[in-house]
Protein chains: 2
Amino acid sequence: MSETIEEKCIAKGIKLTEQRKIIAKVMSDSRDHPDVDELYNRVSKIDSKISIATVYRTVKLFEEVGIVTKHDFKGGKARYEEINESHHDHLIDIKTGEIIEFIDDEIEKLQNKVAEKYGYKLIDHKLELYGIKKK
Amino acid sequence: MSETIEEKCIAKGIKLTEQRKIIAKVMSDSRDHPDVDELYNRVSKIDSKISIATVYRTVKLFEEVGIVTKHDFKGGKARYEEINESHHDHLIDIKTGEIIEFIDDEIEKLQNKVAEKYGYKLIDHKLELYGIKKK
DNA sequence: GTAGATGCAAAGTATTTGCGACAAG
DNA sequence: CTTGTCGCAAATACTTTGCATCTAC
C-alpha cells in the first residue's frame, strides 16, 4: 500500500497547493536523485511560473515531515529522493556519477549492533559506497 | 610510524609556509571534526593575521593530497579530519552532536562484497550512524 | 631569483527570508 | 474569512578567486 506523496500530505494535514502537487509529481516520477536546481527545471516545464524559492520551501517541508530524504553526496548540492517502503543505501560510480540503490540486511543488522555497543539507539544512518566499474 | 602532517607535506613536495604549519598543528591537535570556521577560530588564536581564505585553501590542498578528509555531516558546513592509519566511521549523537569513531571489520567486508556484487571496485565509502543515547 | 602562497575584498554558489498579493480549506 | 503559501528580490551562508605583495626554497 504505497501512498502517493499527495496522500501523505493529506494524512499529515499539509495544505495541497497546485505548486506542491506539481513538485510532488515530479519527485515521484524521478528515478534519479535530483538536486533543487534540477527539480526546478523539471517543475518549470510543467508550470513555468513556479519559483525556485517554492521548490526549496517544498523540499524542506517534505523532508521535515518525512516524505523525502536529503542526501549530501559529493558535489556540494543537496539532492532529494522520495521515501518509500524500501529503505536502501547508495553505490555511487565515481566516474559517471551513476547511482545504484542497494539493500543489505546484514549490514543493517551490524549497524544496530555497533550502536548498541556504544549505548545508543540507532535512529538513522547513511551509507554510501564509492566505486569504479570493473571491466 | 605515524608521520606528522608537516612530514607528509615534505614527502609530497608541498611548500611549508608558516600558515600551513599552524593549520597543520591545529588539525593534528583537534580530536573533534571542526568545520572551516572553527578551524579559523583556533588558528587565529595562534596567529591572528591568517585569513580564512588561507584556511579554505589549505584544507582543500590537504584534502587533495590525502592528508585530511572532508565530511558532510548533517548541518551544511564541511568538516575536516586528519587521516591517520586507522580508518574509522562515525556514530553521531543527534541530541548533542557528539561524534564517536568506530571500526567494524565485518561491515567493511560486507561493503566490499556489495560493491563486488554490482561489478564495482570499492574506492571509498562513508558510513554514518545517527542515534540517541540510551538511559 | 622565481614559482607559488597569502591577504584582502570582491565574486560566486547554494539556500533562506521579508513582504505584499493570493489561494486552500 | 483566515491562515498559510507564493513569487519576487534582497539577504545569508559558505566557499572560491583576482590581484598585488610577500616568502620558501
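- Spacing between atom CD1 of B:I22 and atom P of D:dT23 amounts to 13 Å, rounded to whole angstrom units.
- A:S28 contributes a side-chain N or O that, together with a main-chain N or O of A:A24, makes up a donor-acceptor pair within less than 3.5 Å.
- Taking the side chain of B:K77 as heavy atoms from C-beta on, and the options C:dT16, D:dC14, D:dT3, the nearest nucleotide is D:dC14.
- Between the A:T58 side chain and the A:T54 main chain, a donor and an acceptor come within less than 3.5 Å of each other.
- If you take CG of B:L39 and P of D:dT15, they are 11 Å apart, rounded to a whole angstrom.
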Give each protein N/O atom lying under 3.5 Å from an N/O atom of nucleotides 6-12 of chain C, with the pair distance.
| unit_1 | atom_1 | unit_2 | atom_2 | d |
| --- | --- | --- | --- | --- |
| C:dT6 | OP1 | B:T17 | OG1 | 2.8 |
| C:dT6 | O3' | B:Q19 | NE2 | 2.9 |
| C:dG7 | OP1 | B:Q19 | NE2 | 3.3 |
| C:dG7 | OP1 | B:K49 | O | 3.4 |
| C:dG7 | OP2 | B:S51 | N | 3.1 |
| C:dG7 | OP2 | B:T54 | OG1 | 2.4 |
| C:dG7 | O5' | B:K49 | O | 3.4 |
| C:dG7 | N7 | B:R57 | NH2 | 2.7 |

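- Per the geometry, NZ belonging to A:K60 stands 13 Å off P belonging to D:dT5, to the nearest Å.
- Salt bridge status for A:D32 with A:R42: present, with a side-chain N to carboxylate O gap under 4.0 Å.
- If you take OH of A:Y56 and C1' of D:dC6, they are 17 Å apart, rounded to a whole angstrom.
- In this structure, the side chain of B:R20 engages the main chain of B:K15 through a donor-acceptor pair within 3.5 Å.
- In this structure, A:E7 contributes its side chain and A:T4 its backbone to a donor-acceptor pair below 3.5 Å.
- Distance, B:E64 CD to D:dT15 C1': 14 Å, rounded to whole Å.
- Regarding A:Y40, its OH atom lies at a distance of 11 Å from the C1' atom of D:dC8, rounded to whole Å.
- The interatomic distance linking B:E63 (CD) with D:dT16 (C1') rounds to 14 Å, in whole Å.
- Taking only distance into account, the side chain of A:K15 meets the base of D:dT3 through a donor-acceptor pair shorter than 3.5 Å.
- Counted by atom type alone, A:E81 and A:H71 present one or more donor-acceptor pairs between their side chains at under 3.5 Å.
- Regarding A:R79, its CZ atom lies at a distance of 17 Å from the C1' atom of C:dT15, rounded to whole Å.
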